[in-house]
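The structure displayed is predicted, hence computed values, not measured ones. Numbers restart at 1 for each chain; the letters A, B, ... are given by sequence-line order, proteins then strands.
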Amino acid sequence: MAKADKLPKQNQDFNAWYNTVVLQADMADYGPVRGTMIVKPYGWALWENIQAALDSRFKATGVENAGFPMFIPMEFLRREAKHVEGFAPELAVVTHGGGKELEEPVVVRPTSETLIGHAYSNWIQSYRDLPVLLNLWNSVVRWELRTKIFLRTLEFYWQEGHTAHASAEEAQERTMMMLDAYTDFAVNEAAVPVIPGEKSELERFAGADRTFTIEAMMGDGKALQSGTSHNLGQNFSKAFDITYLDENNERPYCWTTSWGLSSRFIGAIIMTHGDDKGLKLPPRLAPIQTVIVPIYRNDDEATAVMAAVARIENELKTAGVRVKVDNRDNLSPGFKFNDWEMRGVPTRIEIGPRDLENNSVALARRDVPGRDGKQFVARDGLAEKVVALLDDVQVAMLAAATAFRDANTEDVDNYNDFRRATAKGFARVWWAGTNEDENRIKEETKATIRCIPMEQPTGTGTCFFTGKSADKVAIFARSY
RNA sequence: CAGGAUGUGGUGCAGUGGCUAGCACACUGUCUUCGGACGGCAGAGGUCGGAGGUUCGAAUCCUCCCAUCCUGACCA
């Protein structure tokens with residue numbers, strides 16, 4: 001447990017703040033190969049809670065989990081022209097195996113659409129076999145040039161869902177259903193307000209007809225694509241011959257979807273909620289929801305305090321609270337307060353000799369840092385108070401993140417205001433531009449279309465860039 | 001892949017040609033206690049990123065290489 005060095009301030013160097021907090025909060029470490037990460041137990045526990053929250057949502061819609069290979073024949077990727085074009089530069093290719101050069105190199109999966117296409121082609125014969133609804137929890141490899149822990153690493157963890165349907169309508173319905181699941185997860189579990197919307201053609205997934213996204217605003221005003229859901233149309237079913245016999249004894253192609261959310265979301269949580277004291281984890285996902293710090297001066301006090309701590313720990317566990325007792329005896333309470341605030345534990349109980357006398361404890365909330373977030377409460381009914389406080393913190397964190405996002409989102413109608421708005425946050429604009437216009441804006445301002453939000457104003461407006469009549473608004477921002 | 005920065009105990013750093021390479025934190029033992037990053041004493045831990053060169057002498061100067069981070073380009 002390294003004594004925490006002072007964290008860089010967010011508003012001075014957000015990037016340094018992020019790198020430092022990830023390492024000091026024990027979320028992750030760098031791997032031995034450039035651009036790889038080691039997820040430490042505390043970070044992995046958060047990921048497990050994310051997995052559980054998503055997995056139950058998937059299964060509620062009839063999705064089953066499966067495991068697919070890590071290796072893909074190179075030839076598979078070539079079958080879908082846009083797909084291979086999109087991924088070719090970042091493929092890790094295995095050229096040797098068993099001590100010999102392989103006749104045909106194999107690719108380490110950057111995503112599994114092609115493997116799924118191959119399997120579905122074999123599995124699906126009849127309309128009675130549809131829909132197929134699978135999800136994979138795995139890791140994938142993309143040889144990125146520029147990496148950042150959790151946000152973009154050579155290997156990352158995620159889930160990828162893959163479904164096949166008999167109709168275009170059903171595929172689109174599934175695409176939106178999963179986007180909704182991501183939105184619900186982000187907002188209600190992670191307290192990360194996201195904007196669900198559709199990607200522009202330039203930002204679309206390689207091989208998709210339509211790509212949908214949830215976009216979140218990080219603490220520095222930049223956008224982070226936090227989950228995606230793709231309607232793949234018939235692109236992969238044509239490339240892999242995924243067909244079925246319908247009721248009329250005809251053999252149409254399937255309509256497929258894929259959707260993914262990755263360990264990048266851990267980065268989203270860190271950068272949405274974190275402050276100058278460190279991490280701030282949403283109670284519903286936090287590996288530790290409340291930490292108990294005992295305070296004592298001598299052995300007699302320690303005995304009495306630890307007995308009380310044990311009782312509180314039991315009460316909280318019974319109430320379903322994920323609780324940890326910090327019984328490290330070589331560290332001062334003051335150190336521990338800071339340490340657990342840095343790690344983002346949403347609530348903290350402090351109990352010492354004075355509390356034993358007063359039949360009280362100190363109860364602190366992480367979303368209000370320092371002493372301000374601390375109050376002394378009666379010992380009776382403590383578990384209920386902690387549960388209620390956790391709910392409060394969850395609600396308050398979502399409210400704070402939403403307020404921050406809204407305060408840094410601006411409706412603008414001209415390029416000058418657009419530049420100013422995207423320098424600090426999101427710009428919402430009427431948009432009727434072309435791909436060329438979008439590229440030019442990107443070159444000049446570094447801002448890109450994050451999404452065309454699902455929620456649109458009524459009526460039409462004037463495109464801020466081209467002056468043409470526009471029937472939709474777009475969110476532009478600089479992004480990770 | 002280009003530009004920049006950095007490589008010295010576990011971590012963060014100091015040390016720009018000269019004796020045995022220092023400091024802080026962490027670590028081990030011990031004493032002392034702990035309500036917002038306690039204190040004392042004792043201790044362990046380093047082929048100074050690698051290779052070659054210059055020199056009586058190199059962490060320090062030169063050449064090459066390697067790695068990481070940052071910025072940009074690129075990218076679900």
Rounded to whole Å, the CG-C1' distance (A:Leu202 to B:C74) equals 14 Å

Whole-Å distance, A:Lys446 NZ to B:U71 P, equals 10 Å

Margin query: In whole Å, measure the gap between the P atoms of B:G22 and B:A5 for me.
Written below: 30 Å

Heavy-atom nearest nucleotide on RNA chain B taken for A:Lys442 and for A:Pro333; more 5' hit belongs to A:Pro333

### Message
Just by distance, no angles: are the side chains of A:Ser200 and A:Glu438 close enough, under 3.5 Å, to form a donor-acceptor pair?
### Response
yes

- Task: Say whether, by atom type as modelled, one donor and one acceptor occur between the side chain of A:Thr434 and the main chain of A:Asp437 under 3.5 angstrom.
- Result: yes

Quiz item: If you measure only the distance, is there a donor-acceptor pair under 3.5 Å linking the side chains of A:Arg450 and A:Thr448?
Solution: yes

note: A:Glu301, atom CD; B:U32, atom P; distance rounded to Å ~ 15 Å

Applying the 3.5 Å cut-off to both distances, the Watson-Crick or G-U partner of B:C75 turns out to be none

In whole angstroms, the gap separating P of B:G36 from CG of A:Leu331 amounts to 15 Å

The nucleotide from B:U71, B:C34, B:G36 with an atom nearest the side chain of A:Ile295 is B:C34

ask   = Should A:Asp355 and A:Arg379 count as an ion pair when the cut-off is N to O under 4.0 Å?
value = no

(request) Look at the side chain of A:Arg152 against the base of B:C75 and say whether a donor-acceptor pair falls under 3.5 Å; ignore hydrogens and angles. (result) yes

Rounded to whole Å, the CG-P distance (A:Leu145 to B:A73) equals 13 Å

Using Watson-Crick geometry (N1-N3 plus N6-O4 or O6-N4) or G-U wobble (N1-O2, O6-N3), each under 3.5 Å, B:G17 is paired with none

_Please classify the nucleic acid contact of A:Phe212 as base, sugar-phosphate, or nothing, using heavy-atom distances under 4.0 Å._
nothing

I'd like the P distance from B:G10 over to B:C27, given in whole Å. 15 Å

Is it true that a side-chain atom of A:Asn19 and a backbone atom of A:Ala16 form a donor plus acceptor pair closer than 3.5 Å? no

If pairing means Watson-Crick or G-U wobble with both distances under 3.5 Å, then the partner of B:U33 is none

The Watson-Crick or G-U wobble partner of B:G10, with both key distances under 3.5 Å, is B:C25

Applying the 3.5 Å cut-off to both distances, the Watson-Crick or G-U partner of B:A58 turns out to be none

Across every strand shown, the nucleotide meeting Watson-Crick or G-U wobble geometry with B:C64 (both distances under 3.5 Å) is B:G50

ask   = When the P atoms of B:U6 and B:U63 are considered, how many whole Å apart are they?
value = 16 Å

Query raised in the report: What is the nucleic acid contact for A:Trp143, judged by heavy atoms within less than 4.0 Å: base, sugar-phosphate only, or nothing?
Result: nothing

RNA chain B nearest-nucleotide lookup for A:Asn19 and A:Val361: closer to the 5′ end is A:Val361

In Watson-Crick or G-U wobble terms, with both distances under 3.5 Å, the base opposite B:A44 is none

*Kindly say whether the aromatic ring centers of A:Phe240 and A:His118 come within a distance under 6.0 Å.*
no

To the nearest angstrom, the NZ-P distance between A:Lys148 and B:U68 comes to 16 Å

query: Counting just side-chain N and O atoms, does A:Asn15 come under 4.0 Å of either OP1 or OP2 of B:U71?
result: yes

- With a non-hydrogen cut-off below 4.0 angstrom, is A:Ala206 in contact with a base, only sugar-phosphate, or nothing? nothing

In whole angstroms, the gap separating P of B:G10 from CG of A:Asp29 amounts to 14 Å

From CG of A:Asn330 across to P of B:G40 the rounded distance in Å is 16 Å

Regarding the side chain of A:Arg146, the nearest nucleotide among B:C34, B:G36, B:U71 is B:U71

Q | Residue-phosphate contact under 4.0 Å: A:Arg371 side-chain N/O, B:G36 OP1/OP2 | A | yes

Testing B:C34, B:A37, B:G35 for proximity to the side chain of A:Phe335, the answer is B:A37

Has A:Arg419 got its NZ or CZ under 6.0 Å from the middle of the six-membered ring of A:Tyr415, at an angle within 45 degrees of the ring axis? yes

Which part of the nucleic acid, if any, lies within contact of A:Tyr480, taking any heavy atom under 4.0 Å across all strands shown: a base, the sugar-phosphate backbone alone, or nothing? nothing

Of the candidates B:A67, B:G35, B:C75, the side chain of A:Glu90 sits closest to B:C75

### Query
If you take atom types as modelled and just measure distance, does the side chain of A:Lys336 reach the base of B:G36 with a donor-acceptor pair under 3.5 Å?
no

* Would you kindly check whether a donor in the side chain of A:Arg348 faces an acceptor in the base of B:G36, or vice versa, at under 3.5 angstrom? => yes

request  = Verify the contact: side-chain N or O of A:Arg297 to OP1 or OP2 of B:C34, cut-off strictly under 4.0 Å; return yes or no.
outcome  = yes

Report task. Answer with base, sugar-phosphate or nothing: what part of the nucleic acid does A:Pro353 contact at a heavy-atom distance below 4.0 Å? Result -> base

Item to complete: Could you walk me through whether A:Asn65 and A:Asn135 pass the side chain to side chain donor-acceptor pair (under 3.5 Å) test, one step at a time?
Response: CA-CA 5 Å; A:Asn65 287 331; A:Asn135 176 61; 3.0 Å; yes

